[in-house]
Amino acid sequence: MEELRLKKLQEHIKKESAWFAFITSKENVFYLTGLLANPHERLIALFVLENDYYLVIPKMEQEVVRDAGYSDELVTYSDHENVWDLIKSRLEKSTHASSKVLIEQRTVSYERVLELDKLSDSLEFIDCEPVMMSQRLIKTEVELETLQRAAAFADVGVEFGINALKTGVTELEVIAEIEYQLKKQGIREMSFQTTVLFGDHAASPHGKPGDRALQEGEFVLFDLGVVLDGYCSDITRTVAYGEVNDQAKAIYEVVLDAQNAALHAAKPGIIIGDLDLTARTVISEAGFGDYFPHRLGHGLGIDVHEAPSMSQENKDTLQLGMTFTIEPGIYVPNVAGVRIEDDVVVTEDGGVPLTIFPKTLLTIPPTS
Ligand code: GLY
Ligand code: MN
Ligand code: MN
């Protein structure tokens, strides 16, 4: 699989008449090699040339990389060596007639671009992020199966969170319980910082969990996801702890209607921006348009946020095999915040949710 992906990048290198691509984001290194690396500040870089490629890694990672089954060329360096000297001499082994170097413009550091710039006179840097992202946009069956397994753990994470609710428990205590239980299930990494927010705290889309204690009659918002075999999940559910008031229930129903409307409209060929507008119209017509301040969602895969952006500005069309979130919300300051988020794959039959935790409003009986 990775060979085919590398081949596509090499075709692009040929088309651009570029010297090489310098790939350092852990997401694209994983996509192109199958290796999940966490280099901290040390350089891990995949150099891809038209007819060649090699992975530059710290010597201390060599054994792990080989144990993971990677059998292609490695250029290794120790902490006392200058990796850029090694890179220069390795590059000199192949001829080059181009001054174009492909980089990941969004993530490569300026420091590394300066080092690349010293490799030859008058280099020209070109962004290869769009070509990488367009490869990653459509998921394979194997990727979809992994995303489905990651989504199942997100569903379970919400369940762990609900089981941890009791009067007086704090948001951070619930988060600790969710992550503890998931770790016991073998999950090493969350796909972003787990969020649990109570009542009016959830009225900010990116509220910060803290020592707020849970009270009867308020909403609890869970937003969490895991990384499984390199792929992410991302779910949001909002539940009532005890009976919430009629205004809160009405807000919940509007968000659920908006979420379902977008889900049912998620067919191959639809303009992505129109999907955002489908949900936004439901919320606006209910009078809450000013309280839905973010896009409908985002692409999901190796990155928890990747292409396509599910924003009203996006004029691209949904295609079979794309995966993304649908996550409308209503946030009324000092009153309540409700968001409902599913991970979705586009199939011939329309959008199919990967996350399946129930969405009808759950009322959790209070306990102490
Ligand atoms: N957890 C952040 C998001 O839903 O995009
Ligand atoms: Mn989320
Ligand atoms: Mn999300």
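Counting convention: from 1, in listed order, for ligands and their atoms alike.
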What is the name of the N/O/S atom of Asp234 that is nearest to the Mn ion (ligand 3)?
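That would be atom OD2.
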Glu341: which N/O/S atom is nearest the Mn ion (ligand 3)?
OE2
Indicate yes or no: at least one non-hydrogen side-chain atom of [X] is less than 4.5 angstrom from one of [Y].
X: Glu243; Y: Lys249; value: yes
X: Tyr241; Y: Phe198; value: no
X: Leu172; Y: Asp211; value: no

Assess His206 for proximity to ligand 1: is some non-hydrogen atom of it under 4.0 Å away?
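Not so, His206 does not reach ligand 1.
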If you apply the rule salt bridge (Lys or Arg N to Asp or Glu O under 4.0 Å), what do you find for Arg237 with Asp155, and how did you get there?
CA-CA 9 Å; Arg237 288 293 185 270; Asp155 287 329; 5.0 Å; no
Looking at Tyr54, does the NZ or CZ of Arg90 lie under 6.0 angstrom from its six-membered ring centre and within 45 degrees of the ring axis?
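Yes - Arg90 lies over the ring of Tyr54, closer than 6.0 Å to its centre and within 45° of its axis.
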Between the Mn ion (ligand 2) and Asp223, which N, O or S atom of the residue is the nearest one?
OD1
Would you mind listing which atoms of ligand 1 come within a distance below 4.0 Å of any non-hydrogen atom of Glu341?
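Contacts of ligand 1 toward Glu341, numbered from 1: 4 (O).
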Protein contact to atom 3 (C) of ligand 1 [nearest heavy atom, distance to 0.1 Å]
Asp234 OD2, 3.4 Å
Tell me the protein heavy atom at minimum distance from atom 4 (O) of ligand 1, and give that distance in Å.
Glu327 OE1, 2.9 Å
Counting heavy atoms not belonging to Glu253, are there more than 12 under 6.0 Å from its CD?
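Yes.
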Of the listed options Thr195, Asp223, Asp343, Thr325, closest to atom 1 (N) of ligand 1 (non-hydrogen atoms):
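Nearest heavy atom to atom 1 (N) of ligand 1 lies in Asp223.
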Tell me if a side-chain donor or acceptor on Gln135 pairs with a main-chain N or O of Arg5 at a distance below 3.5 Å.
yes
Would one find an N, O or S atom of Glu327, in either backbone or side chain, under 2.8 Å from the Mn ion (ligand 2)?
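Given the 2.8 Å cut-off, Glu327 does not count as a ligand of the Mn ion (ligand 2).
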Considering distance alone, does some N or O of His305 sit under 3.5 Å from an N or O of ligand 1?
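Yes: some nitrogen or oxygen of His305 is under 3.5 Å from one in ligand 1.
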Of all heavy-atom pairs between Arg188 and Lys183, which one has the smallest distance, and what is that distance?
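Heavy-atom minimum between the residues: O-NZ, 3.1 Å.
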Is any N, O or S atom of His305 under 2.8 Å away from the Mn ion (ligand 3)?
no
